[in-house]
**Q** 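Supplied in structure tokens, the structure appears directly below.
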Number of protein chains: 2
Amino acid sequence: MLDIVRQDTDENPSGADRVFTFFRDRLLSGELKAGDRLLGERELALTLGVSRPVLREALRSLAMLGLLDIRHGRGAYVRSADASVLGQALTLCLAPEPNILDDVLQARIAIECQAIRLACLRASERDLQAIAALLDTLVDSLNDPETGGGADYAFHLAIVRASGSSALMKIYEAISPLLMRSHVERRRDTFREPAITSGLVEAHRQVFLALAQRDPDEAERRLRAHFAIGDELRRKNLISTYQGQGKAS
Amino acid sequence: MLDIVRQDTDENPSGADRVFTFFRDRLLSGELKAGDRLLGERELALTLGVSRPVLREALRSLAMLGLLDIRHGRGAYVRSADASVLGQALTLCLAPEPNILDDVLQARIAIECQAIRLACLRASERDLQAIAALLDTLVDSLNDPETGGGADYAFHLAIVRASGSSALMKIYEAISPLLMRSHVERRRDTFREPAITSGLVEAHRQVFLALAQRDPDEAERRLRAHFAIGDELRRKNLISTYQGQGKAS
DNA sequence: CTGTCTAAAGTGGTCAGACCACGGACTGAC
DNA sequence: GTCAGTCCGTGGTCTGACCACTTTAGACAG
């Protein structure tokens with residue numbers, strides 16, 4: 001006997017679902033491009049055979065995904081999805097997890113290590129010069145945690161960019177806002193400690209040299225060593241935090 | 001003279017935006033949990049002080065992000081965001097790029113190499129036994145591309161799981177549907193070539209041995225060697241494809 | 001002719017009320 | 001106890017009206 005299974009809601013898509021799919025497909029195929037302006041809601045609803053509130057449901061969903069920019073009084077414009085939608089999705093996925101930042105750091109290490117390997121093979125001379133300039137900026141801003149943190153991030157971002165991989169770049173950009181604080185805070189914690197600062201600078205320099213020599217294994221090794229310095233700092237911070245508590249009690 | 005700047009729309013959030021934020025914040029904070037059922041639309045709209053279509057705009061947006069499951073006649077239920085929303089976001093981000101699959105493979109390599117390093121440090125004995133069993137399954141299904149492809153994927157997924165990193169796991173799960181075809185197709189291309197098949201099996205075995213010996217550098221090296229076999233296959237396929245065309249013309 | 005101001009038109013944002021479609025619970029008949 | 005029908009609560013959709021913002025066109029003054 002044939003089992004009568006419940007119809008999945010996808011078999012009878014709602015009006016809003018149909019409109020959403022209509023636009024998403026055209027966005028994915030490139031038929032609709034960033035900057036394109038959609039017809040007005042009233043005309044569009046008529047054309048697509050739905051009521052205006054139903055159309056608005058679909059358009060609002062697309063807007064929340066960063067695919068449309070809806071402007072009051074002006075119209076709805078197509079946007080290209082950027083890394084922020086990916087970052088939002090990642091935040092939503094990881095929200096229930098404890099120690100998100102430490103875990104996201106693992107993803108950052110993963111992306112950067114693969115990126116620097118690819119960069120050793122693919123980076124142009126211009127890429128290398130840009131990264132060298134950012135290394136200089138990093139050195140020049142040792143006494144300014146905000147600028148230094150920004151230069152630190154830019155140095156790493158330029159390496160990922162030099163990989164020539166959009167996937168790696170998008171994921172990195174999605175992750176970075178979550179981790180941006182750590183760049184700046186580490187600078188705040190360390191910029192008055194010359195031994196640590198020079199160690200960090202030297203680590204960055206070694207990373208760049210291995211990249212410039214286009215040695216993937218060495219570049220990854222140096223990059224991992226650079227991250228290990230951060231691990232050491234976090235451990236020392238934990239120790240001093242708990243010793244501080246011991247004294248208080 | 002004070003320049004009169006245009007008010008950003010974020011300063012005057014629309015009703016739907018406010019409702020969306022209301023729910024997203026409660027989902028992120030854990031105040032709303034998977035399985036929770038929302039009040040009915042009419043009551044909810046009254047409670048939040050918006051009309052029903054406005055509420056529906058917000059709820060629909062949350063549903064499209066995978067955060068709600070709206071059931072006709074039954075109500076709206078909270079879902080926890082899973083990797084599919086991340087995968088959708090990634091697809092949207094990368095849609096304009098050429099050679100998406102090759103590029104996403106780089107992200108896969110990045111994730112797996114970091115994951116296996118972590119797994120060397122963190123995997124339980126149970127993890128290792130599960131991975132060993134999946135290696136056996138992989139070996140046993142050499143003559144069946146579908147099962148073999150699935151076993152291949154499961155082997156790799158178990159390694160990522162053994163890393164104990166949610167971020168790596170979520171990204172890997174987001175990426176995998178895009179790459180699932182390559183697991184199965186490679187099996188189709190190779191399962192009748194014993195030299196290649198035994199090479200693949202040996203590569204997987206070496207990966208597992210390094211992991212069981214908890215040697216992060218060796219495990220990563222073996223894993224990269226395993227991926228290099230895939231590179232070689234893809235290159236040979238390209239050569240034979242173009243040689244085939246040469247004969248036709 | 002040019003610049004300014006105002007009104008109208010076009011656009012999105014919202015509301016209220018009515019009706020349709022689905023799912024589940026309850027009741028009555030067999 | 002089972003089955004069918006009805007009712008209720010829920011989501012899905014539509015229509016029409018009105019509000020808020022932006023742009024355009026026309027009138028008027030210098």
**Q** Who passes side-chain contact (heavy atoms from CB on, under 4.5 Å) against A/Arg161, sequence neighbours left out?
**A** A/Leu157, A/Met169

**Q** To the nearest Å, give me how far apart CG (A/Asp17) and C1' (D/dG11) are.
**A**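 Answer to the nearest Å: 13 Å.
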
**Q** Identify all pairs in which a protein N or O lies below 3.5 Å from an N or O of nucleotides 5-9 of chain D, and state each distance.
**A**
from	atom 1	to	atom 2	distance (Å)
D/dG9	N2	B/Gly73	O	3.2

**Q** Return each pair, listed once, that meets salt bridge (charged side-chain N to carboxylate O under 4.0 Å, His left out) where at least one residue sits in residues 94-107 of chain B; pairs must be two or more places apart or across chains.
**A** none

**Q** Given 3.5 Å as the limit, does a donor-acceptor pair link the side chain of B/Arg37 with the main chain of B/Arg74, or not?
**A** yes

**Q** Rounded to the nearest angstrom, tell me the gap between atom CD in A/Glu43 and atom P in C/dA9.
**A**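 Whole-Å distance recorded here is 18 Å.
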
**Q** Can you tell me how far P of D/dG16 sits from CG of A/Leu46, to the nearest Å?
**A** 11 Å

**Q** Between the base of C/dG24 and the side chain of B/Arg71, is one N or O donor paired with an acceptor at under 3.5 angstrom?
**A**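 No such pair is found, so the answer is no.
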
**Q** Output the single nucleotide from D/dT10, C/dG13, D/dT13 whose closest atom is nearest the side chain of A/Arg42.
**A** C/dG13

**Q** Which pairs count as salt bridge (charged side-chain N to carboxylate O under 4.0 Å, His left out) when at least one residue sits in residues 54-67 of chain B, sequence neighbours excluded?
**A**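 Matches after skipping sequence neighbours: A/Asp17-B/Arg60, A/Arg56-B/Glu57, A/Glu57-B/Arg56, A/Glu57-B/Arg60, A/Arg60-B/Glu57, B/Glu41-B/Arg56.
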
**Q** Only counting residues at least two apart or in another chain, list the ones meeting side-chain contact (heavy atoms from CB on, under 4.5 Å) with A/Ala154.
**A**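 Counting only residues at least two positions away or on another chain, A/Ala154 forms a side-chain contact (heavy atoms from CB on, under 4.5 Å) with A/Leu134.
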
**Q** Can you sort out the partners of A/Arg26 under salt bridge (Lys or Arg N to Asp or Glu O under 4.0 Å), two or more places apart, ordered by chain and number?
**A**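 Residues passing salt bridge (Lys or Arg N to Asp or Glu O under 4.0 Å) with A/Arg26: A/Glu31.
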
**Q** Just how far, in rounded Å, is P of D/dC18 from CD of A/Glu41?
**A** 19 Å

**Q** Send over the distance from A/Phe20 CZ to D/dG12 P, rounded to a whole Å.
**A** 15 Å

**Q** Starting from P on D/dG12, measure out to CG on A/Leu48 and report it in whole angstrom.
**A**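 My rounded result for the distance is 19 Å.
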
**Q** Under a 4.0 Å heavy-atom cut-off, which of residues 49-61 of chain A touch DNA chain C?
**A** A/Arg52, A/Arg56, A/Arg60

**Q** When you measure from the side chain of B/Asp36 to the backbone of B/Lys33, do you find a donor-acceptor pair of N or O atoms at a distance under 3.5 Å?
**A** yes

**Q** Over how many whole Å does the gap from A/Arg18 atom CZ to D/dG12 atom C1' extend?
**A** 11 Å

**Q** Under the rule for side-chain hydrogen bond (donor to acceptor under 3.5 Å, both in side chains), what residues qualify as partners of A/Ser84, not counting sequence neighbours?
**A**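 For A/Ser84, the residues satisfying side-chain hydrogen bond (donor to acceptor under 3.5 Å, both in side chains) (neighbours in sequence not counted) are A/Asp82.
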
**Q** Is there any salt bridge (charged side-chain N to carboxylate O under 4.0 Å, His left out) pair reaching into residues 122-134 of chain A, and which pairs are they, with sequence neighbours excluded?
**A**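 Residue pairs with at least one partner in residues 122-134 of chain A: A/Glu125-A/Arg214.
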
**Q** Round to the nearest Å and state the distance from B/Asp69 atom CG to D/dT10 atom P.
**A**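 Those two atoms, CG and P, are 17 Å apart.
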
